[in-house]
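Just so we're on the same page: letters track the sequence lines, and every chain starts at 1. Values reported hereafter were calculated over all heavy atoms of this structure, with side chains retained and with hydrogens, waters and symmetry mates removed.
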Protein chains: 2
Amino acid sequence: MPCREKEVNPVPETFPNTPEAARPTMIDVARRAGVGLGTVSRVVNGGHGVRDETAQRVRTAIDQLGFQRNEVARALRPGKKSSSLALVLGDLTNPFYATIAKASLEVAGQSGFAVVLGSVDEDPEGEKRAIRELVSRQVAGLMIVPDQGDHAFLQGAGVPVVFVDRPATGIDADIVMVDNEGGGRLAAEHLLGQGHERIAILLAPSYYTTGRRLRGFRRAHRSAGLDVDESLVVQLPEGNAESAEKATRELMLRPDPPTAIFASTNFLTEGVLRALGELRRDPAVVGFDDFRLADMLPTPVTVVASDIAELGRSAARLLLDRAAGADTRPPQRIVLPCALIPRGSGERPPKKKR
Amino acid sequence: MPCREKEVNPVPETFPNTPEAARPTMIDVARRAGVGLGTVSRVVNGGHGVRDETAQRVRTAIDQLGFQRNEVARALRPGKKSSSLALVLGDLTNPFYATIAKASLEVAGQSGFAVVLGSVDEDPEGEKRAIRELVSRQVAGLMIVPDQGDHAFLQGAGVPVVFVDRPATGIDADIVMVDNEGGGRLAAEHLLGQGHERIAILLAPSYYTTGRRLRGFRRAHRSAGLDVDESLVVQLPEGNAESAEKATRELMLRPDPPTAIFASTNFLTEGVLRALGELRRDPAVVGFDDFRLADMLPTPVTVVASDIAELGRSAARLLLDRAAGADTRPPQRIVLPCALIPRGSGERPPKKKR
DNA sequence: TTCCTGGACGGTAACGTTTCCAAGTTTTAG
DNA sequence: CTAAAACTTGGAAACGTTACCGTCCAGGAA
């Protein structure tokens, strides 16, 4: 039997049975080290203006007591914000948002910042409430994937704000997003380049990004000297797969179905593929945003992709700089490029109508 | 000029353009409403023991000033914890974790609680540090998807803890998880029932869940009167798809390959399918945990699934009750059931060897 | 020596809230 | 009508930290 050696854990031993373990405060540390409160604070905050010997005594006391600074009390002091950022977004289940969350979390963590997530329903009112709650927690900054609706109420919040993925109206703040228009153009150009002339576009009701992608789509058509058939521009009532599935079915059952489909969102792409699978039809398909397993589907899916993680990282970095006052430039607008990844579904030639 | 005597807050020296808008405090509200500070506090906290008329005056002042309680100052009072829960987990990019996060976020939000995410690298030391940081933020409770390693240091933290998905050693706390053993048994029974006798199992290095799933796998074999071929029990060095892909390739290129594979994790399942696709082999496959698009792959994937969202919800609910002191039962152990969802990949009969 | 300079340190006042206590006011009971 | 009880209300202390303002001491300059 492997007699595991004892844990190498000279942890400050708290008593097992005390649920209310009073955590030691700076005062306890000061008493233990035989110094004043101010000195402890100075040591904890980098130790300027403290003699090495004294600082060492304080550090010893800190270790012995297992002291850890109470961030709440610290944040109470005027001027000091808590060392947390807030992240307000929709559906964490959507890999797109999850990626943003993960990336910003990493960057924030490296600077010792925690990230508070706001639970957001779909409605703008819920978003507003969530934001207010986060602000009341004295977060040092807000990262918001904004819903439609006016965000002017953020203007006087006294907290730096960075919008992610899409800008908000009513306030001029930093924004980090992808080149939606370029992506839309890329997708359309790719399909047009294969000879497709009847291309449908499915749009989720997320006004800004949707609009830009559509604009790029139109531009590509114009450059190619073609008109967009407005009946192939489908505004979906919801942004989920089911909605796209239904719309695709209707599209393909028309007497003049499109020969290609551009799904402007990862969930929409899924819906499109689902419908096509059932209908046994195979128009060309290009999706916006890459997704897991896209390359493993019966026909690997061609997508317009961008570095979503970088979206989150940039946002967090920018926000941290703003919060620290290290960045006083006027509101920035960071736009990340898109690239088309051909995998098969987007390279199917148009079927001759007759 | 109205020689108002020094108001504490006649818009301090903030310049019009400064983002530093001083938010009103309870003192401002009290002055405005012509009442005492205590009265404002009482109104804000539900308004017991305050005359209706007075309360109304206070509420009016609150609205006029746009006052909002400073949660940080509130949390400073002894006994009061901040109204945030902490959630410590690994990779938000994994839909499994994302689902937990989303669900717990919803439940917490309904009770006015925010959720602070700890950024967690892979190492136990990072986890420990993240937890300490969160505790220093005075969160009301911790939800942890624990890494291996001792968690005894949480014993004296003075905060209720709920472990999610797997228990931790060194501390007796609430735990919410799925029936790993049952799930493992289910998968194996399903495959054995089809006549498979050489079933490989791929295990990610997450000791607890992995161990239980393997145990169920073994039990099913024993019940069927079969021995597990230990060379088909593959402990992967990492829990990602690449690792599983490599292992699968090696398995299938053996002279005596398995006729079925049980992938004990969603990412592993992906790796397995990837390898099989390239090798053009089609043993039966069952995965643990459902995943998006599982039903749309060339061969729809049979999985053992459970209600992951409920995992997150239960954890949050339990933690909220503990934090409120509403639940003083001994540590609970909530186990959610698993079910097998046949989709095709798990229903392939064994190929006759020769 | 004396004076000054400057670094090291101790003490204390905030920060915005909750909670307790005392004081004031109304209602109820006798 | 009076006394007690119940309810309102104002004020102040405390939570743990940081920032500021002194004091003290060493050491250099005069």
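With hydrogens and angles left out, the side chain of R23(B) and the base of dG16(C) share no donor-acceptor pair within 3.5 Å.
Looking at S84(A), its side chain never comes within 3.5 Å of a backbone N or O of A114(A) through a donor-acceptor pair. Side-chain atoms of R137(B) come within 3.5 Å of backbone atoms of S83(A) as a donor-acceptor pair (strictly under, hydrogens ignored).
A sub-4.0 Å separation between OP1 or OP2 of dC9(C) and a side-chain N or O of R51(A) is present. At the phosphate of dT9(D), neither OP1 nor OP2 sits under 4.0 Å from any side-chain N or O atom of T39(B).
The distance from atom CG of D52(B) to atom P of dC7(D) is 14 Å, rounded to the nearest whole Å. With rounding to whole Å, Q138(B) atom CD is found 9 Å from dG16(D) atom P. Between the P atom of dC20(C) and the CG atom of N45(B) lies a distance of 13 Å, rounded to the nearest Å. Here dA14(C) presents its C1' atom at 12 Å from CG of L76(B), a figure rounded to the nearest Å. In this structure, the CD1 atom of I27(A) is 12 Å from the P atom of dT12(C), given to the nearest Å. Summarising the geometry, the separation between NZ on K81(B) and P on dC15(D) is reported as 15 Å, rounded to the nearest angstrom. Rounded to an integer number of Å, the gap from CG of L37(A) to P of dT17(D) is 8 Å. Atom P of nucleotide dT26(C) and atom CD of E53(B) are separated by 11 Å, given to the nearest angstrom.
Residue-level contact check: G34(A) touches the backbone only, with heavy atoms under 4.0 Å from sugar-phosphate atoms and none from bases. Among the atoms of the strands shown, base atoms are found under 4.0 Å from some heavy atom of S41(A). Across all strands shown, V44(B) has no heavy atoms under 4.0 Å from either base or sugar-phosphate atoms. Residue V72(B) is classed as having no contact, given no heavy-atom separation below 4.0 Å to the nucleic acid. Among the protein residues, R69(B) comes within range of the sugar-phosphate backbone only, with heavy atoms under 4.0 Å from sugar or phosphate atoms but none that close to a base.
Counting heavy atoms from C-beta outward, V115(A) and V116(B) have side chains that stay 4.5 Å or more apart.
Considering every non-hydrogen atom in both G312(B) and M143(B), the closest pair reads O-CE, 4.1 Å. Nearest heavy-atom pair across R57(A) and V35(A) is NH2-CG1, 3.4 Å. The minimum heavy-atom distance between P24(A) and F67(A), with the atom names listed, is O-CD1, 3.3 Å. A pairwise comparison of heavy atoms in L154(A) and I171(A) identifies CB-CD1, 3.7 Å as the closest pair. Taking every heavy atom of both residues into account, T99(B) and A309(B) meet most closely at CG2-N, 3.6 Å.
When distances run from any side-chain atom of T25(B) to the nucleotides dT9(D), dT17(D), dT17(C), the shortest one goes to dT17(C). Looking at the side chain of R74(B), the nearest of the listed nucleotides dC9(C), dT17(C), dC15(C) is dT17(C). Distance from the side chain of R42(A) is smallest to dC9(C) among dT12(C), dC9(C), dT17(C).
When each of V50(B) and N70(A) is assigned the nucleotide of DNA chain D with its nearest heavy atom, V50(B) is the one assigned upstream, toward the 5' end. Each of M26(A) and G36(B) lies near DNA chain D, and the nucleotide nearest G36(B) is the one positioned closer to the 5' end.
Of the residues in residues 55-66 of chain B, none lies under 4.0 Å from DNA chain C by heavy-atom distance.
With salt bridges taken as basic N to acidic carboxylate O contacts below 4.0 Å, one links E310(A) and R317(A). Classification of R129(B) and E127(B) as a salt-bridged pair fails, no side-chain N sitting under 4.0 Å from a carboxylate O.
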Collect all protein-nucleotide pairs involving nucleotides 25-27 of chain D in which both atoms are nitrogen or oxygen and the distance is under 3.5 Å.
none

Would you check, one step at a time, whether the test side chain to side chain donor-acceptor pair (under 3.5 Å) holds for Q64(A) with R32(A)?
-> CA-CA 9 Å; Q64(A) 287 174 343; R32(A) 176 120 190 179; 2.9 Å; yes

